[in-house]
Amino acid sequence: MRQALAQSEFRLAYQPIVDLRNRRTVGVEALIRWPRTLVGPDVFIPMAEKIGLIRDITKQVCLLAAEDCITRRIPGSVRLSINLSAADAETPESVELLSNLSRALGGALLNVELTERCLLAPERCDPVIRAIRALGIQVHLDDFGTGYANLQSLVELALDGIKIDHRLTRCLDDSRAAREIVRHLGRMAGTLGFSITAEGVETETQARWLSVLGIHRAQGWLFGQPRFVEDYPALRPAIKTNN
């Protein structure tokens, strides 16, 4: 992994976030990939955290995002989401890193998504989160509704939004309890002034349920798989025809 970082083997794939009311892309999440290997991020990200390389991974993500400039090449106002680990959220260096990324992107709209592990030590993350928000960058809590992500986190951390965990989204078809939880999450987010996005949407039925339950933003394979910048549909040039 150290060699891969040194030789720039990692790349970013981008997955769209859409407004369910019109299916327009309103954001993209940058997801790191290691194309030379079959090792997925579910394996190498925890390993990077374990051996102390996760902050180097985050630096690589910001560098690649600046190079790709995907938000400049998609029509409309599109936010770019970057994931931060607990280690990132505890160091002031992350503030400077994100400030540099924002400038490199020409002031593009940025989100950061916090891992639920940040909730294990919110007192160490809070100063960094507030400094990031002071830059005009929104801070969202990822995987809300499972694990450590609970209501207390909304009190302890300064946040702009939450993302509903994909495991909850996938229960919408068959579970009334899941639907009621999502309905109340949507109402709570509205009351607190948070944005709310549902992850892991794979079927039209799930998308319809989300709309009925008052959730307007969603992400998942139904709307697009993560793709490298050159494969992103919105980046393909229009075909000219002669009349």
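- Applying the ring-ring contact (aromatic ring centres under 6.0 Å, His included) test to Phe223 and every residue at least two apart in sequence or in another chain returns nothing.
- Salt bridge status for Asp143 with Lys163: absent, with no side-chain N to carboxylate O gap under 4.0 Å.
- Listed by chain and residue number, nothing satisfies the salt bridge (charged side-chain N to carboxylate O under 4.0 Å, His left out) test with Arg103 (two or more places apart in sequence, or in another chain).
- Checking side-chain atoms of Arg79 against main-chain N and O of Gly27 turns up no donor-acceptor pair under 3.5 Å.
- At a cut-off of 3.5 Å, with distance as the only test, a side-chain donor of Glu29 or Asn83 sits close to an acceptor on the other residue.
- Between the side chains of Gln15 and Gln225, no donor-acceptor pair is found at a separation under 3.5 Å.
- With hydrophobic clusters built from ILVMFWY side chains whose heavy atoms lie under 4.5 angstrom apart, Tyr14 shares a cluster with Val78.
- For Ser211 against Leu20, the heavy-atom pair with the smallest separation is OG-CB, 3.8 Å.
- The two atoms that bring Cys62 and Leu101 nearest to each other are O-CD1, 3.4 Å, heavy atoms only.
- Rounding to the nearest 0.5 angstrom, the gap separating the OG1 atom in Thr169 from the CD1 atom in Ile164 is 6.0 Å.
- Under a hydrophobic clustering in which Ile, Leu, Val, Met, Phe, Trp and Tyr are joined whenever their side-chain heavy atoms come within less than 4.5 Å, directly or via other members, Leu64 and Leu109 fall into different clusters.
- For Glu123, the CD atom sits in a packed shell: over 12 heavy atoms of surrounding residues, nucleotides or ligands are nearer than 6.0 Å.
- Evaluation of the ring-ring contact (aromatic ring centres under 6.0 Å, His included) rule for Trp221 yields no partner, not counting sequence neighbours.
- Counting side-chain heavy-atom gaps under 4.5 Å among Ile, Leu, Val, Met, Phe, Trp and Tyr, the cluster of Val26 also holds Ile17.
- Hydrophobic clustering keeps Leu38 apart from Ile32 (ILVMFWY residues linked when any side-chain heavy atoms are closer than 4.5 Å, directly or through intermediates).
- Pairing each heavy atom of Leu12 with each of Ala65, the nearest pair is CD1-N, 3.5 Å.
- Here the shortest heavy-atom pairing between Arg33 and Pro226 reads NH2-CG, 3.7 Å.
- The backbone N or O of Asp88 sits less than 3.5 Å from a side-chain atom of Ser94, completing a donor-acceptor pair.
- A salt bridge links Glu230 with Arg11; the closest basic N to acidic carboxylate O contact falls under 4.0 Å.
- In this view, Ala48 and Met1, Leu53, Ile54, Ile57 satisfy the side chain to side chain contact (heavy atoms under 4.5 Å, CB included) rule, not counting sequence neighbours.
- For residues 112-134, there are no ring-ring contact (aromatic ring centres under 6.0 Å, His included) pairs, not counting sequence neighbours.
- In this structure a side-chain-to-backbone donor-acceptor pair under 3.5 Å is missing from Asp231 to Arg227.
- By the criterion of side-chain heavy atoms lying less than 4.5 angstrom apart, applied directly or through intervening Ile, Leu, Val, Met, Phe, Trp or Tyr residues, Leu168 is grouped together with Phe144 in one hydrophobic cluster.
- Under the rule for a side chain to side chain contact (heavy atoms under 4.5 Å, CB included), the partners of Arg183 that lie at least two apart in sequence or sit in another chain are Glu180, Arg187, Leu213.
- The closest donor-acceptor contact from the side chain of Asp165 to the backbone of Arg167 lies under 3.5 Å.
- Applying the ring-ring contact (aromatic ring centres under 6.0 Å, His included) test to every pair with at least one member in residues 16-67, sequence neighbours left out, gives these pairs: Phe10-Trp34, Phe10-Phe44, Trp34-Phe44.
- Every residue two or more places apart in sequence or in another chain was checked for a side chain to side chain contact (heavy atoms under 4.5 Å, CB included) with Ser8, and none qualifies.
- Comment: Arg23 does not engage Asp19 in a salt bridge, judged by the lack of any side-chain N to carboxylate O separation of less than 4.0 angstrom.
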Which is it for Leu105 and Cys69 under the side-chain contact (heavy atoms from CB on, under 4.5 Å) test, yes or no, and what are the steps along the way? CA-CA 6 Å; Leu105 295 175; Cys69 284; 3.9 Å; yes
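- Partners of Asp56 according to the salt bridge (charged side-chain N to carboxylate O under 4.0 Å, His left out) rule, which considers only residues two or more places apart in sequence or in another chain, do not exist here.
- As a member of the Ile/Leu/Val/Met/Phe/Trp/Tyr network built from side-chain separations under 4.5 Å, Leu31 groups with nothing else and remains a singleton.
- Screening residues 182-209 for ring-ring contact (aromatic ring centres under 6.0 Å, His included), with sequence neighbours left out, gives no hits.
- Ile137 and Leu63 are assigned to two separate hydrophobic clusters, defined by single-linkage of ILVMFWY side chains at heavy-atom distances under 4.5 Å.
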